[in-house]
Amino acid sequence: MQSGKMKALMKKDGAFGAVLTEVPIPEIDKHEVLIKVKAASICGTDVHIYNWDQWARQRIKTPYVFGHEFSGIVEAVGENVGSVKVGEYVSAETHIVCGECVPCVTGKSHVCTNTAIIGVDTAGCFAEYVKVPADNVWKNPAGMDPAVASIQEPLGNAVHTVLESQPAGGTTAVIGCGPIG
Ligand SMILES: [Zn+2]
Ligand SMILES: [Zn+2]
């Protein structure tokens, strides 16, 4: 188990920008996994947080480490974790659900009323290490570029959006040329 300090990009207080600093390496509980970050990508959400716009002011509590899209290697697992092993190459689903509310217990955890988001409500991945619940871990193919593995969250966003419509044979306008576009 790692202990000690790590470099992290922090929102120290409610203002524009961020600070590269040292913070303690996160400690995991029985159900969590500690991951050594290989690549992290910058989401539009992170730009809101960095700029400290109106949304960020209402949503974010400082000080904390931000960032939620990443890939990395499992460094340690909690004692109850059987689904993930040390050394595996992973990314993570960024929404942490409670498992106890009505949507969660009826198979609709995508609309969990207590959803927490990695790097928004919890310490994020703009750091050497990030911890996530084992249930959030997504295993990557060994040969996948870490930078590509990091953008699976926005990729999932785009894929689900496209599959909600019936684009086959039609003409589609893609508005917005970020990674999701
Ligand atoms: Zn994102
Ligand atoms: Zn829930």
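Atoms within a ligand are numbered from 1 in the order they appear, just like the ligands themselves. Not measured: the values here are computed from a predicted model.
- For R59 and D121, the salt-bridge test passes: some basic side-chain N is under 4.0 Å from an acidic carboxylate O.
- Comment: K7 does not engage E128 in a salt bridge, judged by the lack of any side-chain N to carboxylate O separation of less than 4.0 angstrom.
- Side-chain polar atoms of S150 and E69 form no donor-acceptor pair below 3.5 angstrom.
- Here 4 is the count of protein N, O or S atoms positioned under 2.8 Å from the Zn ion (ligand 1), waters not counted.
- By the 30° and 60° cut-offs, the orientation of the rings of F126 relative to F66 is perpendicular.
- Heavy-atom contacts from other residues, nucleotides or ligands closer than 6.0 Å to NZ of K139 number more than 12.
- Here the straight-line distance linking atom OH of Y64 with atom OG1 of T122 works out to 8.5 Å at 0.5 Å rounding.
- Here the angle centred on the Zn ion (ligand 2), running from SG of C101 over to SG of C112, is 110°, rounded to 10°.
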